[in-house]
Amino acid sequence: MRRLSPAITQRVAVTFLWSLTLITIGVLLYIILYILAKGLPHISWEFLTKAPESMGRKGGIFPMIVGTFMVAGLAVAIAAPLGVATAVYLTEYTREGRLTFVIRFGADCLAGIPSIIYGLFGFVFFSIALGMGLSVLSGALTLALMVLPTIIRTAEEAIRAVPYTYRETSYGLGSTRWQMVTRVVLPSALPGICTGVVLSLGRSISETAAVMLTAGSALRLPQSLSDSSRTLALHFYILSREGLSMENAYATASVLIIIILALNALAYWLMNRFIRRAG
Amino acid sequence: MGAHASEPIIQVKDLSVTFSGCQALNGITLDIRRNERLAVIGPANSGKTTFLRCLNRLNDLKHDYRHTGNILLDGKDVYDSDVDVARLRRRIGMVYAVPGPLPWSIYDNLVYGPKLAGIRSRDRLDELVETSLKAAVLWDEVKDRLRMPAHNLSGGQQQRLCLARVLALEPDVMILDEPCSGLDPISTAKIEDALVELKSSHAIVLVTNNTKQAGRASDRTAFFLMGKLIEVDDTTRLFTNPTDQRTNDYLVGQFG
Amino acid sequence: MKQDRFIAFILLMLALSALSGLVLITVFIFKEGLPLILQTGFRDFFLSSDWDPKGEHFGILSMIVGSLAVTVGAMAIGAVFGLGMAIVLTQFCPPGLVSILKPLIELLAGIPSVVYGFMGVVTIVPLIRNHLGGPGLSVLAASIVLGIMVLPTVTSISVDALKAVPRAYWEGSVALGATKWQTTHMLMLKAARSGILAAIILGMGRALGETMAVIMVAGNALEIPGSPLDPVRTLTSNIALEMGYATGRHREALFATGVTLFVFIMIFNTTALAISRRSAGKGGGR
């Protein structure tokens, strides 16, 4: 058998690879459009602002929207300062050595731990050992730990992308290290850091397993951080799994998808701004 | 402070520097006088830039930096443990080889240093911006667009902005590290003009690769070679009648 | 200087939060789960498929097999598609298109796992039931869903690995008359080999750890699967399904399941980290 000419092999290979890519993109679009097509017709002002009735068969999802943003927002509000502080320490306040290796290794390991393990941990540690019970606070702390590595990683990359000359210049003009970090480095790295924070917010909103075990599944509107609260993702899971109401399940999923689309668009916009500024 | 103009403001005494054990400077002893322009010349890797960065302790940023000897500013060792490094760097203002405006407006670049020094008064900051831009021969070109991003300026303008930014610190000593290496002749001429004006109020140390520039823009010239100070003398005398054969070789081009 | 050192100390304390989180997680998961494994005995816990919480039989063999089965299946799909896309993105895609495809891949990573699971239930499961037989809820369905879910992980890490190959290698090869494809598969893939391997192992870790999507499509049967069309229960789904009502020794057994999962994940992740770190060292460091 004659061997195929390199040009033909190339054409076959490239066609194959492109079809893999297009299939993937097709799947993505299919998922989004499918959910939106089935869900959008059932979204109404009442649906977004009313409490659910009879376990979610009827009524709206207002408490879940509030609960989701309370849990996810608090998680990111806790993780962002910790993550940025870690990144600042790793990049500006220490030399590469055993300590930075250990800190990075810890973050990398944390990044790989499955959400269900976070859920188990949050349940025994925050909910039981620290007595928080199934609550917004317990869920938020658990998620904060979960997104911490992402924030550390993105913040570190953003800070490293700030040109070294900015630092030298700042020192040359008589700044302390802290003034250099807070007035020059962090403002320049801010869009990149925000990208990581926004993506982490999206991940917190999407998460189900970890919040199920820590924030619980109460249908009531949470009145405080110590109340249990069901998030949108968990509500969608329960509705579809228990076959309570397919309409409401699709509508809930649509709300989730729209939030995720918006956050991804925001992250994309921030990142482009960052690249333009750095370049 | 009534000090005589030819008195030294900086006295460098037997300064030796190593990076990771590699000798970068070897036994430098040199005075820098009030109100003089001192040029430092020499081939690449002769230690000129390292010398400059010792004066404002910018070498501290490198972890493998070690030094022996003393650098006295008004008689006080800059490496004493009670020296406020940030204040020291405001007294000895530095201009870098590559113009490095921070990613802000022209105005914000200029007031960054004064603000670090604790100046809050709006009027005072405006005044500093104007005087320093005038001293750097940039005022007429940018006075109507102080809020414009500094990155939009041309290379020559950026370097004059960096000069103005240092002037706004009202330093006693200006140290310039090949400030014209990336600039065209016209921009270079403008910076040299500015240095002539500044001489009356500041001591200036100018590191340059360009011997002609040293000849034009300095009162005294120091010649460095492989980390050693070969000789220092009045610029005209050093250029016309160097005492050391190696200085002569460099000036006529044998080191390239 | 004093203030500087004080700030450095505060930052160091904050920087240790990730590490202390990891330590806390490890300690608490093991503290809750390990005693039961020791009491039950390694053989009865790991090598028995008898899971009967009421009768206090806690054998998780079928779940270990189930987890590994769906992970391997998922990687068969995730690795091919993920690597394929990474090659397209780095070698054959005009830059304008890259800036569209990359955010789409990130979006793929952002979609909640419950949505993936749900889409699996309404599309893939009926397809398998009607055309291939069996209940539809199966190893195969879970593999397909997980394959898509781990794809962004594999793609983005592979892209980084391929990008880290020096441009001069590529130019040298093309200058010798190789086509772009020959250059890709004879040079680029070899040069980026360890990075790609790390990507695949990390993807496996993701698949192994995924919970909600798997619960929804895998069928959750407590048996060792005989074929890809059989339903299975994974380690993760076992925890999520029963944690809601488990108490006493039953809960401890779920934590013990967590310990098992944790150990698997740590092995995967440290392997991947070691591989990518080694390859980063080879590439001439930073």
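Nothing here was measured: the structure is a model prediction, and the numbers come from that model. Numbers restart at 1 for each chain; the letters A, B, ... are given by sequence-line order, proteins then strands.
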Original post:
In terms of heavy-atom pairs under 4.5 Å, which option from C:F92, C:F268, C:F81, C:F262 contacts chain A the most?
Top reply: C:F81
Original post:
Taking C-beta and beyond as the side chain, do A:F105 and C:L19 meet within less than 4.5 Å on heavy atoms?
Top reply: no
Subject >> Any C:V80 side-chain heavy atom under 4.5 Å of A:L20 side chain >> reply: yes
Subject >> Greatest number of heavy atom pairs closer than 4.5 Å to chain C - which of A:R203, A:E207, A:M212 >> reply: A:M212
Subject >> C:F6 CZ to A:W178 CH2 distance, which is reported to the nearest 0.5 Å >> reply: 10.5 Å
Original post:
For the residue pair C:M216 and A:S240, what are the closest heavy atoms and their distance?
Top reply: CE-OG, 3.7 Å
**OP:** Please report the shortest heavy-atom distance between C:I111 and A:S206, naming the atom on each side.
**Re:** C-OG, 4.5 Å
**OP:** Counting only heavy atoms closer than 4.5 Å, note whether A:L120 contacts chain C via side chain, backbone, both or neither.
**Re:** both
Subject >> Exercise: identify the closest heavy-atom pair between A:L110 and C:G21 >> reply: CD1-C, 4.3 Å
Original post:
Under a 4.5 Å cut-off applied to non-hydrogen side-chain atoms, are A:Y250 and C:V122 in contact?
Top reply: yes
Original post:
In Å, rounded to the nearest 0.5 Å, how long is the span from OH of A:Y268 to OG of C:S99?
Top reply: 4.5 Å
**OP:** Name the region of A:I31, side chain, backbone, both or neither, that has any atom closer than 4.5 Å to a heavy atom of chain C.
**Re:** both
Subject >> Partner chain C: residue of A:L148, A:I117, A:L145, A:I32 with the largest heavy-atom pair count (under 4.5 Å) >> reply: A:I117
Subject >> Closest-packed option against chain A by number of heavy-atom pairs under 4.5 Å, given C:L101, C:V23, C:V259, C:T155 >> reply: C:L101
Original post:
What distance separates C:M243 CE from A:I116 CD1, expressed to the nearest 0.5 Å?
Top reply: 8.5 Å
**OP:** Flag yes if more than 12 heavy atoms outside A:R241 fall under 6.0 Å of its CZ atom; otherwise flag no.
**Re:** yes
**OP:** Flag the one option from A:G216, A:A7, A:C109, A:A265 with the top tally of heavy-atom pairs under 4.5 Å to chain C.
**Re:** A:C109
**OP:** Identify which of A:L90, A:I35, A:I257, A:T176 forms the greatest number of heavy-atom pairs closer than 4.5 Å to chain C.
**Re:** A:I35
**OP:** Would you please go through residues 7-16 of chain C and name the residues with a non-hydrogen atom below 4.5 Å from one of chain A, in numerical order?
**Re:** C:I7, C:A8, C:L11, C:L12, C:L14, C:A15, C:L16
Original post:
What part of A:M146 lies closer than 4.5 angstrom to a heavy atom of chain C: side chain, backbone, both or neither?
Top reply: neither
**OP:** Tell me, out of A:V27, A:I113, A:V88, A:L29, who's got the most heavy-atom pairs with chain C below 4.5 Å.
**Re:** A:I113
Subject >> Per-residue contact mode, A:A267 against chain C (heavy atom under 4.5 angstrom) >> reply: neither
Original post:
Under a 4.5 Å heavy-atom cut-off, does chain C meet the side chain of A:P149, its backbone, both or neither?
Top reply: neither
**OP:** Go through A:L28, A:L99, A:V14, A:I260 and name the one with the most non-hydrogen pairs under 4.5 angstrom from chain C.
**Re:** A:L28
Original post:
Just how far is it from atom OG1 of A:T9 to atom CH2 of C:W181, taken to the nearest 0.5 Å?
Top reply: 9.5 Å
Subject >> Spatial distance of atom CD (A:Q179) from atom CD (C:Q3) [nearest 0.5 Å] >> reply: 7.5 Å
Original post:
What part of A:I152 lies closer than 4.5 angstrom to a heavy atom of chain C: side chain, backbone, both or neither?
Top reply: side chain
**OP:** Enter the distance from C:E32:CD to A:F123:CZ here, rounded to the nearest 0.5 Å.
**Re:** 9.0 Å
Original post:
Checking side chain to side chain contact (heavy atoms under 4.5 Å, CB included) for the pair C:I25/A:F125: CA distance, chi angles, key distance, verdict?
Top reply: CA-CA 9 Å; C:I25 291 176; A:F125 186 68; over 6 Å; no
Original post:
So what's closer than 4.5 Å to chain C heavy atoms on A:V102: side chain, backbone, both or neither?
Top reply: both
**OP:** Please report the shortest heavy-atom distance between C:G84 and A:L17, naming the atom on each side.
**Re:** CA-CD2, 3.5 Å
Subject >> Region of A:I128 in contact with chain C, defined by heavy-atom distances below 4.5 Å >> reply: side chain
